[in-house]
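Every chain is numbered from 1 and lettered A, B, ... according to where its sequence line falls, protein lines coming before strand lines. The model shown is predicted, which means the values in this text are computed figures rather than measured ones.
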2 protein chains.
Amino acid sequence: MPNRSHAVDRRSDRKIGIKDVSREAGVALSTVSHVLNGTAPISQEVRARVLEAARRLGYLAKRQQKGAIASLTTLYLAVPPGNRPHNDINLVSWTMLTQLSREAERRGVRVVAHNGSAELQAAEILAGARAVGAEGIVLVFDDNPKLLKGLTGADLPVVLLNGEDPAMGLDTVAPANRYGARLATEWLLSHGHRRILHLTWRGRSTIMRRLDGFRDAYAERGLPQDQGEVLYARGYEPDQAREALRDFITERGGLDGFTAVFCAADNLAIGALTELRAQGYAIPSDIAVVGFDGVAPGELTVPSLTTVRVPLDSLAASTVQMLENRLSFMNRDYPACRIELGCQFVERESGGSFVSIA
Amino acid sequence: MPNRSHAVDRRSDRKIGIKDVSREAGVALSTVSHVLNGTAPISQEVRARVLEAARRLGYLAKRQQKGAIASLTTLYLAVPPGNRPHNDINLVSWTMLTQLSREAERRGVRVVAHNGSAELQAAEILAGARAVGAEGIVLVFDDNPKLLKGLTGADLPVVLLNGEDPAMGLDTVAPANRYGARLATEWLLSHGHRRILHLTWRGRSTIMRRLDGFRDAYAERGLPQDQGEVLYARGYEPDQAREALRDFITERGGLDGFTAVFCAADNLAIGALTELRAQGYAIPSDIAVVGFDGVAPGELTVPSLTTVRVPLDSLAASTVQMLENRLSFMNRDYPACRIELGCQFVERESGGSFVSIA
DNA sequence: CTGAAAGCGCTTACAG
DNA sequence: CTGAAAGCGCTTACAG
């Protein structure tokens with residue numbers, strides 16, 4: 001094996017030390033040290049100034065990384081074949097994987113991708129991870145119970161990214177799907193919509209959490225659940241959204257009183273926009289369209305897509321952090337950890353923006 | 001202010017260094033350094049041996065702490081008056097607060113308790129925290145929306161422990177209540193019970209998640225929801241559980257076919273045990289009783305209490321860790337983080353243990 | 001991967 | 001809280 005210079009990866013910023021911090025904060029070197037270690041009583045103002053400078057210069061982050069970095073050098077990444085970049089036109093997968101490698105690179109962690117059977121197998125993944133000397137495994141986009149069970153209790157820590165484990169055998173990191181969907185639906189309700197169509201598909205349990213959130217919003221306002229309806233597409237690709245909507249409109253002879261479509265993914269929303277416009281509906285005046293994911297293409301559609309942004313970068317960061325925590329300070333009996341990160345509503349054109357009436 | 005020797009708190013274990021690790025692992029000093037920093041290619045076996053030794057000696061943990069410790073010296077703790085130790089016979093509150101101070105102490109963090117109005121007020125809490133120079137706030141057992149909203153976006157990071165924030169404005173750390181309740185209910189179902197009474201109270205939203213989990217278990221097996229029933233006590237104290245059960249039995253003229261009581265808290269379960277025994281029922285043969293919390297008294301009841309253990313120590317650790325993460329490496333726009341930790345089913349006597357029949 | 005050695009960055013004790 | 005100084009622990013380069 002060639003003598004890869006690991007060290008280079010790890011200090012992209014050339015040696016920021018407490019000397020730099022002391023200069024930046026305008027205090028003595030020793031004062032910085034005392035603040036950082038709590039070894040002497042320092043006034044609140046100076047403390048704050050020092051910490052602020054240390055954070056700004058990236059010194060705190062560097063120090064934190066140095067503490068954790070030891071344990072994770074190689075991360076084994078298992079992605080279902082259907083979600084690998086060359087097989088998947090879904091930008092969510094692509095962006096999430098990109099963020100994950102970027103985060104790994106930032107920490108000097110090598111990423112090795114799993115390549116196995118058409119369907120992911122726990123034993124294969126574990127063997128692959130051991131073969132390359134990985135200290136931890138990240139499983140993405142997959143949460144079939146058999147696979148999760150097979151990975152539970154393995155001698156390597158495993159984090160499931162963007163999936164859920166009902167048995168709580170594995171640590172998981174996911175966007176707050178239910179919350180985000182409630183947020184979007186509530187936004188539509190607060191803008192006067194009552195008949196909202198939720199366009200989704202059954203493929204992933206995390207996507208089903210968005211359906212839960214859709215219902216939560218109605219429940220929270222005490223509105224009858226049947227004002228909202230659910231329309232299932234056969235997949236998550238734009239064309240499948242078009243197909244589902246086309247059938248819906250044909251069957252009902254029009255929009256049937258619906259004034260908004262809330263799509264469980266931007267991909268579906270893009271299909272919805274296309275189909276609705278093709279059928280001559282104006283967006284958002286005839287019907288509002290809201291997506292979920294917040295990936296790039298939504299900015300470029302006409303009209304631009306109102307959506308819920310999933311914090312893909314933070315999800316990647318939390319995932320790697322979780323692995324490092326497991327490796328460096330959590331003991332074996334620390335319970336499984338389920339992490340959800342907040343999503344943000346992004347108001348653009350397709351959702352409309354008439355004055356709030358509720 | 002006296003010259004408190006902060007440093008002492010922080011190295012309870014007297015200076016474990018890489019020299020100790022190298023001895024423990026049986027390798028050269030330089031090898032340990034290379035492993036910890038990835039500065040040279042080291043074989044998988046040696047790496048593993050070194051890391052194992054470093055973890056065992058607590059060196060990894062020490063290093064990790066050193067990275068984060070800087071930013072948090074004083075933690076401001078806000079507890080609703082009703083849950084403060086002298087007003088509360090509930091061991092959950094007591095244990096959780098104890099674990100939190102223990103964790104803080106372990107990290108050399110000073111804890112200052114808030115003392116304000118009968119009802120917690122956001123502005124008061126923030127003022128109090130600033131007055132003592134705290135870098136972060138932990139709010140426990142309270143999740144009234146107005147309070148949470150008032151603390152959202154504050155210039156100090158706030159973590160809500162054992163509560164939920166539907167608006168996801170704050171970071172939260174809580175046990176996986178829904179999961180734990182499903183686990184317990186499923187255990188009862190798998191042991192042949194069908195008519196299960198869920199004894200709970202309406203006081204806290206986190207407790208209501210346990211009701212969700214109770215229902216999940218029925219739903220998962222495709223059993224009719226009305227086989228399980230919910231009985232509300234007027235509070236969470238043993239006597240209030242007794243009262244609720246007494247009324248129930250009087251009203252129905254007996255147990256009405258129920259073969260198990262699943263209580264949303266050990267406190268309620270203890271009351272249930274007392275009342276059921278007082279009325280002449282044998283536990284678990286006439287009726288099984290299962291609690292939730294896993295605090296000490298459940299081991300001492302007769303029969304001992306089958307329950308779901310909440311990882312109070314890990315919850316405290318995650319809470320402090322969360323604050324430190326916010327302070328040292330998460331930037332302002334890192335989204336709010338919701339953390340749930342897994343619970344564990346603890347099989348003792350009161351739940352029975354006949355052979356699994358399903 | 002070892003082991004001795006040089007060097008660096010941070011910590012610490014102290015006078016001001 | 002400063003600043004100069006001693007010292008410690010870890011890192012690093014190198015010969016074996």
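Atom CG in A:D20 sits about 15 Å away from atom P in C:dC8, given to the nearest Å. Atom CG in B:L29 sits about 11 Å away from atom C1' in D:dT12, given to the nearest Å. Rounded to an integer number of Å, the gap from B:H34 NE2 to D:dC10 P is 15 Å. To the nearest angstrom, C1' of D:dG3 lies 16 Å from CZ of A:R23. If you measure from atom CG of B:L36 to atom P of D:dG9, you get 16 Å, rounded to the nearest angstrom. Rounded to whole Å, the distance from CD1 on A:I18 to P on C:dC8 is 15 Å. Atom pair A:N37:CG and C:dT11:C1' shows a separation of 7 Å (rounding to whole Å applied). The distance from atom NZ of B:K19 to atom P of C:dT2 is 17 Å, rounded to the nearest whole Å.
Here the options are B:K19, B:R49, B:R56, the test is side-chain hydrogen bond (donor to acceptor under 3.5 Å, both in side chains), and the partner is B:E24; only B:R56 passes.
Checking C:dC10, C:dC1, D:dT2 against every side-chain atom of A:A28, the shortest atom distance belongs to D:dT2. Side-chain atoms of A:V27 lie closest to D:dT2 of the nucleotides D:dT2, C:dT12, C:dT2. For A:S30, taking side-chain heavy atoms from C-beta onward, the closest of the listed nucleotides D:dG3, C:dT11, D:dC10 is D:dG3. Comparing C:dT12, D:dT2, C:dC1 against the side chain of B:T31 picks out C:dC1 as the nearest.
In this structure, B:V32 reaches neither bases nor backbone, as no heavy-atom distance under 4.0 Å exists between it and the strands shown.
For B:Y59, there are no ring-ring contact (aromatic ring centres under 6.0 Å, His included) partners at least two apart in sequence or on another chain.
Ion pairing of A:R338 with A:E164 is absent here, as no side-chain N (NZ or NE/NH1/NH2) approaches a carboxylate O to less than 4.0 Å. By the 4.0 Å N-to-carboxylate-O rule, A:E135 lies close enough to B:R47 to be salt-bridged with it. Using a cut-off of 4.0 Å between Lys/Arg side-chain N and Asp/Glu carboxylate O, A:R55 and A:E52 are scored as salt-bridged. For A:D155 and A:R130, the salt-bridge test passes: some basic side-chain N is under 4.0 Å from an acidic carboxylate O.
Side-chain nitrogen and oxygen atoms of B:S33 include none within less than 4.0 Å of the OP1 or OP2 phosphate oxygen of D:dT12. Between A:S43 and D:dC1, a side-chain N or O to OP1/OP2 separation shorter than 4.0 Å is present. Of the side-chain N and O atoms in B:Y59, one or more sit less than 4.0 angstrom from OP1 or OP2 of D:dC10.
Paired runs in DNA chain D that reach 3 or more consecutive Watson-Crick or G-U pairs, where each pair keeps both distances under 3.5 Å, cover C:1-3 with D:14-16, C:5-12 with D:5-12, C:14-16 with D:1-3.
A heavy-atom distance below 4.5 Å is not found between the side chains of B:T319 and B:I339.
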